[in-house]
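Beneath this line is the structure, given in structure tokens, with notes to follow.
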Amino acid sequence: MRKILFILSFVLVLGACDKGFEELNVNPTAPNQVPVTTKFSAAQLYTSGERYENWRANLIYSSTMMQHLSTTAGYWSGDKYTWNKGYASSMIDRIYGNAIKTVEDMLVQLDEEEQPEEMKAITRIMRVFIYHRLTDLYGDVPYSEAGKAVITGNLTPKYDKQSDIYADMLKELEESVAALGSGTSGFGDADLMFQGDQAKWKRFGNSMMLRLGLRLIKVDASASEAWVTKAITGGVMESNADIAYIQHTVGPEGINKNGNGEAFSADSNPRMSKTFVDFLQDDPRLPILAARRSDGSTAIADLKGLPNGLDSQLLEEATGELDTDLYAEPNRSIITGEGAPMFYQTYAEVEFMLAEAAERWGLAGGDAEVHYNAGVRAAMKMLSIYGDDAIIADADIDTYLTNNPFDAANAIEQINTQYWAATFLNEYEAFANWRRVGFPNLTPTNYPGNETGGTIPRRLTYATSEQSNNPENYAAAIASQGPDVLTTRVWWDK
């Protein structure tokens, strides 16, 4: 608790103003310099996210576009394909001023203080994770000049091409994992994910390389295979003990809380999507992830999913119903708490990616079924991180796999549909992977007056303030990537 309070006090200082950052960057021995360890904790929490962007970008948009969640509330724009520009830009609005600013400042401080290379390597991996979420969501974004307003005086950073960002992120991962050894890094317990365990950071870095390598599959299949091979050779996650996640707490106030959980505390509208509930019908995860809104029942017969793309009037016309309380919502007794874990990347995801690599190229031992089964098992067992009420018995997993065996004829679809299920609530990743492979096969909605012509959006949009605050670079990004609308595809989504 003492550490959390210290982190909170640091965050409040950062949020108050930028005064003093000039001194922080040029005089690391000054008494008012914030320890780099504390900055690292804050960067991890900022990356997990506040209520603001998690509510808007992760839940309102991404979760409903991916048909994990659904609601008749009009301001939930995602499955209605309407354009709320402030909601769509929420991630880009928040992440530059906190996570990116912090991690870029850390890299300067680590050099000035001549800290060990392993601390720099871990920070660089963290930096890649932050930027990869941004570029996957928006496409071309400020990267090489970002987060350095105090360091360099540049208040109008250019937008780097996503192809260049990806090339650099992969380079950063390759160099960083090579710099890591064993033992505990200088971050120690300030590292909220791995407590400074260098071996786990190395596996996380390689697992991120695996994720980014597979993102290239549409634009450069040979490069995709090469990076995936390199990641597997380097050593990726080996069990649920390697999962990259933040265990949040219900207090103190601020970013110590789970941003999704804070959104659920404030918003009673979201329901489980019919698409997702139908998929989970014989799955032991269903009563853990869902509960009936009216009474909290988790009996399978009581768990009904709400169709996507409806408002109250359309729901009444379609079903005769006015009240959504008889539909299932995310299970508020298990998964929606403000002290719930927030997952960055899981072992289950890694196993599904290994299954795909085995199927496509004969990598990872060449047996896609072995990795598929391991991924399903890991996705179910990892729910125990939420608490004892989320434990699934091995026998129930065995039964599920018997009833849902690996289908070699439809391997890529089956693997990535399970990936979609495993990334519930990490909707940034669910959205990115769906755009990469097109699975699961989601049926679009066609809400009246939607912005996309009844197609699922392909990206979110930039902050409107950029048109006045950074007009030349904004215009260059639009000229390079395409119109700043929901249907413009990012570089790797061809």
Can a cation-pi geometry be assigned to Arg133 and Tyr428, taking NZ or CZ under 6.0 Å from the six-membered ring centre and within 45° of the ring axis?
no
Heavy atoms of other groups near Asp388 CG, more than 12 under 6.0 Å:
no
Only one of Glu338, Glu427, Met342 passes side chain to side chain contact (heavy atoms under 4.5 Å, CB included) with Asn260, and that residue is Met342
Beyond-backbone contact of Phe194 with Ile122, side-chain heavy atoms, under 4.5 angstrom
no
Rounded distance [0.5 Å steps], CG in Leu306 versus CG in Leu69:
10.5 Å
Salt bridge flag under 4.0 Å for residues Arg435 and Asp493
no
Got Tyr46 and Val103 here, is their nearest side-chain heavy-atom distance under 4.5 Å?
no
I want to check something: taking the side chain as every heavy atom from C-beta on, are Thr135 and Val490 in contact at a cut-off of under 4.5 Å?
no
Exam field: side chain Gln345 to backbone Ser207, donor-acceptor pair closer than 3.5 Å:
yes
Residues that Tyr400 engages under ring-ring contact (aromatic ring centres under 6.0 Å, His included), provided they are two or more places apart:
none
Any chance you could measure Thr461, atom OG1, to Asp484, atom CG, to the nearest 0.5 Å?
5.0 Å
Can Gln313 and Glu317 be said to form a side-chain hydrogen bond (donor to acceptor under 3.5 Å, both in side chains), step by step?
CA-CA 6 Å; Gln313 180 179 338; Glu317 291 173 0; 3.1 Å; yes
Tyr447 side chain to Thr82 backbone, donor-acceptor under 3.5 Å
no
Side-chain donor or acceptor of His248 paired with backbone N/O of Asn256 under 3.5 Å
yes
Using atom types as modelled and distance alone, determine if a side-chain donor or acceptor of Asp311 lies under 3.5 Å from a backbone N or O of Gly74.
no
From CA spacing to verdict: side chain to side chain contact (heavy atoms under 4.5 Å, CB included), Tyr138, Met91:
CA-CA 9 Å; Tyr138 296 99; Met91 166 67 91; 3.4 Å; yes
Check Thr275 against Gln67 and note the closest heavy-atom contact, atom names and distance.
OG1-OE1, 2.6 Å
Could you tell me whether the side chain of Phe276 reaches within less than 4.5 Å of the side chain of Leu289, counting heavy atoms only?
yes
Calculate, to the nearest 0.5 Å, the distance between atoms CD and NE2 belonging to Gln162 and His132 respectively.
10.5 Å
Using the ring centroid of each side chain, check whether Trp55 and Tyr87 are separated by less than 6.0 Å.
no
Taking Ser465's backbone N and O only, do any of them form a donor-acceptor pair with Ser468's side chain (distance below 3.5 Å, no angle check)?
yes
Test your reading of the model: is there a side-chain donor-acceptor pair from Asn54 to the backbone of Ser48, 3.5 Å cut-off?
yes
Spell out, as yes or no, whether a donor-acceptor pair under 3.5 Å connects the side chain of Asp389 to the backbone of Ile334.
no
Which pair of non-hydrogen atoms, one from Leu460 and one from Ala88, has the smallest distance, and what is that distance?
CB-O, 3.4 Å
Could you check whether Arg271 pairs with Asp325 (Lys NZ or Arg NE/NH1/NH2 to Asp/Glu carboxylate O, under 4.0 Å)?
yes
Flag if over 12 foreign heavy atoms under 6.0 Å of NZ, Lys274
no
Sequence neighbours left out, what passes ring-ring contact (aromatic ring centres under 6.0 Å, His included) with Tyr347? Give chain and number order.
none
Can you check whether Ile288's main-chain N or O pairs, donor with acceptor, with Asn331's side chain at less than 3.5 Å?
yes
For Thr37, which residues count as a side chain to side chain contact (heavy atoms under 4.5 Å, CB included) partner, sequence neighbours excluded?
Pro35, Phe187, Ala190
With rounding to the nearest 0.5 angstrom, report the OG to CG distance, Ser62 to Leu425.
12.0 Å
Could you point out which residue of Val277, Leu315, Leu303, Thr71 forms a side chain to side chain contact (heavy atoms under 4.5 Å, CB included) with Tyr327?
Leu315
Can Met126 and Trp201 be said to form a side chain to side chain contact (heavy atoms under 4.5 Å, CB included), step by step?
CA-CA 9 Å; Met126 192 70 219; Trp201 272 102; 4.0 Å; yes
Backbone N or O of Asn426 within a donor-acceptor pair of the Thr423 side chain at under 3.5 Å?
no
So do the side chains of Asp396 and Met380 get within less than 4.5 Å of each other, counting heavy atoms only?
no
What's the separation between atom NE2 in His68 and atom CG in Leu59, rounded to the nearest 0.5 Å?
12.0 Å
Got Pro330 and Phe264 here, is their nearest side-chain heavy-atom distance under 4.5 Å?
yes
Tell me, with the steps shown, if Phe129 and Phe204 meet side chain to side chain contact (heavy atoms under 4.5 Å, CB included).
CA-CA 10 Å; Phe129 183 86; Phe204 177 44; 4.0 Å; yes
Examine Arg127 relative to Tyr143 and say whether NZ or CZ is less than 6.0 Å from the centre of the six-membered ring and inside a 45° cone about the ring axis.
yes
Residue list, ring-ring contact (aromatic ring centres under 6.0 Å, His included) with Tyr96, at least two apart or on another chain
none
For Glu53 and Ile92: C-alpha separation, side-chain torsions, deciding distance, then whether side chain to side chain contact (heavy atoms under 4.5 Å, CB included) applies.
CA-CA 9 Å; Glu53 69 271 25; Ile92 209 167; over 6 Å; no
Of all heavy-atom pairs linking Ser265 and Arg332, the shortest is N-NH1, 4.3 Å
Supply the atom-to-atom distance Met193 CE to Ile125 CD1, rounded to the nearest 0.5 angstrom.
9.0 Å
Taking Gln44 for the side chain and Leu192 for the main chain, is one N or O donor matched with an acceptor at less than 3.5 Å?
yes
For atom NZ of Lys304, decide whether the heavy atoms of other residues, nucleotides or ligands shown that lie under 6.0 angstrom number more than 12.
yes
Is there side-chain contact between Asp160 and Lys158, with heavy atoms separated by less than 4.5 Å?
yes
Is any side-chain heavy atom of Leu107 closer than 4.5 Å to one of Arg124?
yes
Does the plane of the ring in Trp491 sit parallel, tilted or perpendicular to the ring in Tyr166? Use 30° and 60° as the thresholds.
tilted
Would you kindly say whether Asp267 and Tyr75 are connected by a side-chain donor-acceptor distance under 3.5 Å?
yes
Modelled atom types, side-chain donor and acceptor of Arg203 and Asn206, under 3.5 Å:
no
Hey, is Arg211 close enough to Glu356 for a salt bridge, meaning N to O under 4.0 Å?
no
Tell me every residue that passes ring-ring contact (aromatic ring centres under 6.0 Å, His included) with Tyr159, counting only those two or more places apart in sequence or in another chain.
Tyr462
Just jot down the side chain to side chain contact (heavy atoms under 4.5 Å, CB included) partners of Thr346, sequence neighbours excluded, or say none.
Ile243, Phe343, Ala348, Glu349, Met382
Identify the residue among Thr64, Asp79, Thr443 that makes a side-chain hydrogen bond (donor to acceptor under 3.5 Å, both in side chains) with Asn308.
Asp79
